[in-house]
Amino acid sequence: MFRSAGQHSSPPFLHLSQDKVEWVSQMFSSLNTEEKIAQLIMVPVYSNKDQVHIDSISRLVTTHKIGGMIFFQGGPVRQANMINRYQQESKIPLMVSIDGEWGLAMRLDSTVRFPYQMALGAIQDNSLIYDMGKEIASQTKRAGLQVNFAPVVDINNNAANPVIGFRSFGEVQENVSLKSIAYMKGMQDNQVLASAKHFPGHGDTNVDSHYGLPVIHFSKKRLEDVELYPFRELIKQGLGSIMVAHMQIPVLDDTPNLASTLSRPIVNGLLKEEMGYEGLVFTDALNMQGVAKFYEPGVVDVKALLAGNDMLLNTMNVSATIREVKKALDAGEITIEEIDIRVKKVLKAKAWLGLDNWQPIETQSLIQDLNNSEAKNLTRKLVANSLTLLRNTNDLLPIKNLGEIKIASLAMGVGEKTSFQRGLERYAPIEHFFLSKDATLDDLNVLKKDLDKFDIILVGVHGLQLKAGGSNFGITPEMNLMLKELNATKKMVVSVFGNIYSLESLVDLPHSHGVIGAYQETEDTQDLVSQLIFGGIGAKGRLPVTVSSYFKVGAGLDSQGGIRVAYSLPEDIGIASHQLQGIDSLIELAIREKAIPGAQVLVAKGGQVFYHKAFGTHTYDSLQEVKLDDIYDLASLTKVSTSLAAFMYLKGEGRFDENQTLGHYFPMARGTNKEELKYSDILTHQAGLRSWIPFWQSTVRKSGKFKWFTMKSDSSARFPIRVADNLYIHRNYSKRIYREIMDSPVDPSQGYVYSDLSFILAPALVEEISGVPFEAFLRKNIFDPLGAQHLVFNPYANYELADVVETEYDSLFRRQLLHRTVHDEGAAMMGGISGHAGLFGNANDLAKLMHLYLYDGKYGDQQIIGQGIVHQYGKCVHCESGNYRAMGFDRPNRPGDPSGNAAPSAPASSFGHTGFTGTYAWIDPVNDLVYIFLSNRVNPTRENRKLYQLNTRTNVMEVVYQALKANGLYVK
């Protein structure tokens with residue numbers, strides 16, 4: 001005899017209010033015998049079939065008055081319309097169910113897909129599973145459904161299981177039970193009936209009961225200790241329903257070819273009597289071959305009813321079933337009292353599910369509601385918490401010191417760029433390679449040679465088969481050979497996007513430096529694994545099953561997160577996505593008013609990029625849409641992104657001091673009126689320098705032609721420096737620009753005057769101090785360690801036209817549309833490399849630099865700029881005199897003013913910079929924010945000042961602040 005588990009909580013529908021009890025009594029009294037039998041029948045329905053199918057189900061509802069239905073493949077709106085019709089036609093409201101183990105997406109298109117249960121089994125925080133159950137319940141109800149046949153509580157301790165496998169929480173009964181309880185409670189606490197399956201346990205089989213009848217040769221003790229354990233635990237917690245599996249279990253019932261579904265000793269004896277289960281008992285689908293190949297429709301149904309099941313799932317012949325049950329009643333095989341008990345139980349469940357007050361499903365916003373941002377964010381949380389780091393030799397992950405290594409990615413099993421590779425690109429320059437499933441040995445040799453120059457290879461294994469079988473999940477000998485050869489010479493990180501049992505088929509995997517189990521291949525999974533590799537997030541998962549002698553149950557390593565930016569949704573920081581719709585509206589208004597052709601916007605809080613979008617087109621008359629990786633002319637953001645970065649870096653090394661003078665560092669300044677200018681005054685624009693000098697005008701004659709010694713249309717040894725397309729300047733012209741700056745007047749009495757001049761000198765000054773050319777200095781010491789490959793000068797050298805956003809049509813100086821060459825005339829005359837303008841970049845890479853500043857010189861777990869220096873430079877120096885600027889950075893000039901240079905809610909301590917071409921970067925250390933706005937408002941002409949008039953850049957940031965305030969997240 002089995003030990004009775006007892007029940008700590010009853011199924012929820014056994015405790016009804018008086019009005020619901022009266023409804024149950026009223027509905028029951030209205031039924032005749034045939035209608036009572038029909039209440040125990042659930043038929044399969046599809047919303048992707050034709051009108052003939054739809055009408056045939058309607059006839060079952062109206063003619064036989066069936067009790068419910070289970071929906072399979074289709075779409076939410078089509079399904080809702082069918083449910084509305086059938087409920088209106090039904091005498092008693094229908095109990096409508098679905099197999100939604102990973103949410104409605106298991107059956108319906110256009111819905112959110114939650115992770116498979118095997119992935120959830122790796123999660124250590126079971127409250128996340130409860131939250132998932134709660135959200136699935138919300139979606140289930142919104143779609144007009146009342147029962148979800150989940151969770152799967154089978155203990156999957158057979159790696160060859162072809163039907164459960166990835167659908168199980170794992171092989172440890174305690175883990176399976178705790179997660180199943182969380183899932184169940186999440187649904188039932190929100191009025192959706194859960195159904196634990198597949199009783200008494202389908203986890204240790206190698207036969208799929210859809211196609212045959214598995215035979216389980218276990219002892220009673222083994223069944224009690226393992227397979228039955230989670231069912232007992234869920235029953236204690238008030239489980240609403242159980243689904244019985246199609247398996248033959250000789251130790252419980254040795255009748256030949258008799259499935260557990262049809263066994264009275266198993267259903268009535270074990271489940272109902274010995275285990276004391278009072279909830280609804282569903283059969284598994286009665287059209288599955290585990291039972292259907294032995295019994296005809298109708299006959300199999302009555303046998304299931306005689307065994308003790310309450311609800312017959314997937315009845316394929318309703319009239320035959322009713323007829324056969326009536327025969328059993330007449331023969332005394334079952335009594336009408338037994339039927340009545342089950343019908344009342346079904347009606348009680350219907351009342352608890354709210355079917356006593358059924359309302360039609362509203363379909364207008366159905367798709368939107370089922371794809372709410374909270375559900376999407378929860379999915380990402382679940383995935384992030386499931387990722388399992390199984391090897392991390394010498395703490396290779398997260399990858400550090402990006403400036404010192406070359407990285408390649410290798411996508412195995414596919415021939416096109418993957419979401420995983422696109423995710424990796426956000427962090428570092430990476431060259432991508434592919435090994436398709438039909439690759440030959442010659443392909444392997446070529447690939448191995450191509451990968452030889454790289455230090456780290458990031459391998460993604462893709463396109464794996466989901467179910468266990470005889471094909472090693474689709475892993476080919478060539479894949480294994482490639483892994484073995486690369487492991488012998490390279491540091492490799494292998495991320496497996498598929499069934500976790502496939503790790504055993506990757507025979508050399510234990511020798512890789514890094515191994516990540518990702519459990520499945522989705523956009524979210526690939527995105528989040530890429531973040532784990534670079535430290536945007538950390539690893540937390542633990543293996544829920546034993547895969548091999550190397551990778552055993554419970555295995556998993558934690559890794560460091562938060563060392564680089566992560567990419568998330570607004571909900572992840574406590575903001576609802578809809579609260580940021582104002583950003584989209586402001587950008588769309590600016591585009592509509594022709595203030596800008598397009599833009600990139602990025603906002604991050606706490607190191608999490610929660611808003612990152614591209615808008616519009618490159619130009620007003622272009623069809624080229626702005627992409628997230630397009631690069632813009634950053635204009636004056638160059639000052640804080642290059643010159644200031646270099647000065648702060650050198651200060652950290654003790655080679656630059658803002659209290660020293662220009663003459664101290666720059667020989668050309670000695671003996672001039674600039675020699676004694678202190679750099680702290682220069683950086684705060686307090687030194688008395690002229691604001692700017694139109695250098696280009698001295699190159700043009702009155703006729704409009706260039707003077708012979710300044711510009712040529714072709715490059716040569718004397719004119720090698722490119723100013724624009726088909727325009728080259730004399731090799732020594734920069735000296736003339738420097739001399740003109742040195743000869744310009746200085747008037748300290750004028751107080752604050754914003755000046756470009758000292759920043760034009762910055763490249764030469766940095767080279768004088770460091771002995772390294774300006775661009776190379778920045779690349780080696782700042783940009784490469786950040787992984788900011790898209791912060792570049794002169795993009796014409798390495799970027800296609802389509803990847804660079806056009807700026808102004810210059811009708812006076814260069815007489816052309818400026819595209820891939822710098823907009824600022826002075827920077828152009830310096831060959832595109834200057835400290836005041838000339839840098840190009842996208843929002844993502846600029847955000848890395850701004851996070852370096854936000855976190856006081858540290859990024860990627862590397863102190864790039866000396867500690868304390870950035871925050872020192874970000875402080876106001878001469879506030880008492882009305883100069884609101886920090887050293888190199890802007891600060892709010894009129895805090896709280898909607899017309900100021902910062903959002904009205906930006907704290908006075910925030911800092912950043914603006915750019916003439918329509919760019920903006922802002923840092924708020926108080927609220928841990930970084931904000932980037934990139935546009936080309938000067939296209940086609942700089943005379944367009946609508947962006948300033950609309951205050952788009954600061955208004956966008958104010959939307960973020962208002963959202964923070966609305967959620968109690970704002971700090972003044």
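Positions are given from 1 along the sequence.
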Between the side chains of Tyr931 and Asp924, is a donor N or O closer than 3.5 angstrom to an acceptor N or O? no
Ring centres under 6.0 Å, that's the criterion: do Tyr961 and Tyr970 meet it? yes
Can you tell whether the side chains of Asp630 and Lys627 come within less than 4.0 Å, N to carboxylate O? yes
Salt-bridge contact Arg542-Asp558 (side-chain N to carboxylate O under 4.0 Å): yes
With no hydrogens and no angle check, just 3.5 Å: does a side-chain donor-acceptor pair link Ser905 and Glu958? yes
Lys236/Glu233 ion pair, N-O < 4.0 Å: yes
Donor-acceptor pairs under 3.5 angstrom involving side-chain atoms of residues 101-110: please list them, not counting sequence neighbours.
from: Glu101; atom 1: OE1; to: Arg167; atom 2: NE; distance (Å): 3.0
from: Glu101; atom 1: OE2; to: Arg167; atom 2: NE; distance (Å): 3.4
from: Glu101; atom 1: OE2; to: Arg167; atom 2: NH2; distance (Å): 2.7
from: Glu101; atom 1: OE2; to: Lys197; atom 2: NZ; distance (Å): 2.8
from: Arg107; atom 1: NH2; to: Asp99; atom 2: OD2; distance (Å): 3.1
from: Asp109; atom 1: OD2; to: Arg78; atom 2: NH2; distance (Å): 2.9

Between Lys134 and Asn190, is there a side-chain donor-acceptor contact under 3.5 Å, judged purely by atom types and distance? no
Identify the two heavy atoms, one from Ser502 and one from Asn499, that lie closest to each other, and give their separation to 0.1 Å. OG-O, 2.7 Å
May I ask you to decide if the ring planes of His462 and Phe420 are parallel, tilted or perpendicular, using 30° and 60° as cut-offs? tilted
Regarding Lys179 and Asn175, do their side chains bring together a donor and an acceptor under 3.5 Å, going by distance alone? yes
Check: Asn81/Asn84 side-chain N/O donor and acceptor closer than 3.5 Å: no
Will you find, in the side chains of Ser577 and Glu571, an N or O donor that is under 3.5 Å from an N or O acceptor? yes
Is the closest basic N to carboxylate O distance between Asp527 and Arg380 below 4.0 Å? yes
Students often mix this up, so state it plainly: with edges at 30° and 60°, are the rings of Tyr46 and Phe72 parallel, tilted or perpendicular? parallel
Salt bridge check, Lys381 against Glu374: does any charged N sit closer than 4.0 Å to a carboxylate O? no
Side-chain ion pair, Arg142 and Glu362, N-O less than 4.0 Å: yes
May I ask you to check whether Asp584 and Tyr611 show a side-chain donor-acceptor distance below 3.5 Å? yes
Taking the six-membered ring for Trp, are the ring centroids of Tyr519 and Phe166 within less than 6.0 Å of each other? no
Parallel under 30°, tilted from 30 to 60°, perpendicular over 60°: which one fits the rings of His198 and His202? perpendicular
